[in-house]
Amino acid sequence: MTKHNPIALTEGSLPEDRWRLLQLVRETATRGGLPLYIVGGSVRDLVLGRRLNDFDLTVEGDALRLARALASKHGGRVTAHSKFGTAKWFLPQNLITDTQTPNTLDLISARSETYKHPAALPTVKPGSIADDLRRRDFTVNALAIRLDGSHFGELRDDLNGMADLQNGILRVLHPRSFIDDPTRPYRLVRYEARYAFRIAEATLALIPEARPFVAKLSAQRIRHELDLILDESDAVSMLRRLAALDLLAAIHPVLADFNRSKFATLESDDASLQNRDSRWVLWLMHLSDQEIESLHERLHFTASLLKILRSASLLNANLTALLGLKPSQVVEFLEGYSIKALEVVSCAVQDEKIRNILTRYHSEWWRVRPKTTGHDLKKRGIPPGPRYAEILRRLRAAWLDGEVKTAEEEKVLLENLLK
Ligand code: CTP
């Protein structure tokens, strides 16, 4: 099944560090007589002419043996995951010259995978490269290029991935693919929008019967898929497409109507919104606190994201209360909210008056402090207690509301308060 390879894997395809590393792995695999392949998404992106940041390597044989041979020749340390036939090589310092590239290299033994039940993690057995390609999600991800010795550059395309890649078609390898692994429909939609590919009709038709099995995926697995989507520049189209395919409702009913979310309607390329957490907030801030809690039971958000989501949902529900407040009241109102939540909500809010209030709080008001400190009050002989906070709050309010504008005026107010 080896084909002539029209793909150029050259020095320019990879960061310099990674290219050098690839050469070391090739040499050692060649010497040990181990067939070595670059596989999966790395090959797909090479064909598409994208520069790789990293690559996936598969060894037909014992990956741990290869990793140990590399470490004994070049240094560094190896850990193994024997159940899955994978080895991680922690690179020696002299092989890490670029802080942008990873300081480890994963080596994977070619394997076959079977699924005991839908959405289970696969049962893994050592296998050939042919098995390893057959276990994969889509034909375009089931390509490999051999790297060792004189085989360098030979293409393995057992499942006609190259033709699909050239025609821009996404196709599963067998009809049970989505049932075995219900994360795959989410990957499918991610690739569809990322590469502007078309989903083969027969593949699209398999989604409805797989949908009920989404509920069987662990929180961590489904949340990871959503994280990956939110990392994509075209996340909105992907979520819209998932909603249309009923794949968001399959995760949790509160996600069903994507068009209700701010993320769907907001047209902003504000830099502070271009990261994963901000996008989660944009997507979910319209939900009530009970809905956030219920979704958390399904997705197990990280503690920090959960805090931001709760805060954003609460703030979003209470925004109109900000209208007509004095700056000092705004500060007291907003003080308990997460700054991150505030930042995202203020980008998303439609009402201009409310947006202005949030922006002023975020850009200046929250930082306002009186000149007087607790230390000064102590020097004045005031016994420590809740009165300190009360006085300092009163002084801050005076600055915020324009009652005092100079240190002198603050002193006068302080004297009055202490009387
Ligand atoms: N894979 C699979 N089924 C999954 C996840 C991954 O078959 N549920 C296979 C695919 O062949 C995929 C490879 O494992 O190409 C590596 O997976 P991953 O790193 O998640 O994806 P990439 O293809 O590298 O793509 P990207 O990170 O760009 O999404």
Side-chain angles (χ1 to χ4, degrees), residues 7 9 13-14 18 37-59 63 81 84-86 88 102 104-115 118-124 127 129-145 155-162 164-165 169-197 203 206-207 210 213-214 216-218 220-235 238 242 247 276:
I7 313 159
L9 172 58
S13 317
L14 285 166
R18 280 326 233 190
Y37 299 85
I38 182 167
V39 288
S42 317
V43 181
R44 175 199 69 218
D45 284 347
L46 272 175
V47 177
L48 294 174
R50 297 190 157 209
R51 190 182 148 85
L52 305 182
N53 286 325
D54 204 1
F55 46 76
D56 289 331
L57 293 181
T58 292
V59 186
H81 205 314
F84 294 108
T86 64
K88 197 181 270 303
T104 58
L105 178 76
D106 290 325
L107 292 164
I108 318 271
S109 302
R111 51 163 99 165
S112 70
E113 287 182 350
T114 47
Y115 293 82
L121 285 174
T123 308
V124 174
I129 188 70
D131 295 325
D132 199 275
L133 295 178
R134 250 194 316 267
R135 75 177 169 86
R136 291 172 185 267
D137 49 3
F138 308 113
T139 58
V140 297
N141 283 344
L143 291 161
I145 300 173
L155 175 72
R156 285 293 299 241
D157 179 17
D158 304 13
L159 299 145
N160 281 326
M162 190 60 92
D164 280 346
L165 198 47
I169 295 177
L170 293 162
R171 195 191 309 275
V172 287
L173 306 188
H174 57 85
R176 271 192 65 86
S177 183
F178 292 154
I179 294 177
D180 285 343
D181 180 351
T183 64
R184 287 178 174 164
Y186 298 83
R187 296 173 62 83
L188 178 76
V189 165
R190 185 155 55 88
Y191 295 132
E192 177 191 33
R194 187 202 286 168
Y195 299 115
F197 279 5
T203 294
L206 295 171
I207 292 177
F213 297 103
V214 170
K216 296 200 176 300
L217 287 169
S218 70
Q220 197 272 337
R221 286 184 71 198
I222 190 65
R223 200 192 66 231
H224 178 63
E225 290 309 321
L226 297 175
D227 277 341
L228 293 179
I229 286 172
L230 293 176
D231 289 345
E232 298 269 348
S233 57
D234 214 1
M238 297 175 191
L242 288 175
L247 284 166
R276 192 189 278 182

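Note that the coordinates shown come from a computational prediction; the quantities given were computed from them, not determined experimentally. In each ligand, atom 1 is the first atom listed, and ligand 1 is the first ligand listed. FYI, the numbering just counts along the sequence from 1.
- For the pair Val39 and Ile129, the minimum side-chain heavy-atom distance is below 4.5 Å.
- The side chain of Arg194, and not its backbone, has at least one atom closer than 4.0 Å to an atom of ligand 1 (non-hydrogen atoms only; side chain from C-beta on).
- Note on Arg276 versus Asp227: salt bridge recorded, some NZ/NE/NH1/NH2 to OD/OE distance being below 4.0 Å.
- Closest to atom 14 (O) of ligand 1 by heavy atom, among Arg134, Arg136, Arg135, Glu113, is Arg136.
- Residue Phe138 places no heavy atom under 4.0 Å from ligand 1.
- At a threshold of 4.5 Å between non-hydrogen side-chain atoms, the residues Leu173 and Thr139 count as touching.
- Two residues are said to be in side-chain contact when any heavy atoms from C-beta on lie closer than 4.5 Å; Asn160 and Arg171 fail this criterion.
- Any N or O atom pair closer than 3.5 Å counts here, and Asp45 shares no such pair with ligand 1.
- Taking any N or O of Arg44, backbone or side chain, at least one lies under 3.5 Å from an N or O belonging to ligand 1.
- Of the protein's heavy atoms, Asp56 OD2, 4.2 Å lies nearest to atom 19 (O) of ligand 1.
- Partner of Asp181 under the side chain to side chain donor-acceptor pair (under 3.5 Å) criterion, chosen from Arg135, Arg176, Arg187, Arg221: Arg221.
- Contact atoms of ligand 1 toward Gly40: 15 (O) (distance under 4.0 Å to a heavy atom of the residue).
- Side-chain atoms of Arg156 do not come within 3.5 Å of backbone N or O of Tyr37 as any donor-acceptor pair.
- A heavy-atom distance below 4.5 Å is found between the side chains of Leu105 and Arg18.
- Closest to atom 10 (C) of ligand 1 by heavy atom, among Asp137, Val140, Thr139, is Asp137.
- Checking atom 27 (O) of ligand 1 against the protein gives no heavy-atom contact under 4.0 Å.
- Under a 3.5 Å cut-off, the side chain of Tyr186 and the backbone N or O of Leu247 do form a donor-acceptor pair.
- Nearest to atom 8 (N) of ligand 1 among the protein's heavy atoms is Asp181 OD2, 2.7 Å.
- Asp231 has no carboxylate O lying under 4.0 Å from a charged side-chain N of Arg190, or vice versa, which leaves the two without a salt bridge.
- Checking only distances, Gly41 does come within under 3.5 Å of ligand 1, N or O to N or O.
- The shortest contact between atom 22 (P) of ligand 1 and any protein heavy atom is with Tyr191 OH, 3.8 Å.
- Within the listing of ligand 1, atoms 8 (N) sit less than 4.0 angstrom from a heavy atom of Thr183.
- Of the candidates Arg184, Arg187, Arg190, it is Arg190 that places a heavy atom closest to atom 29 (O) of ligand 1.
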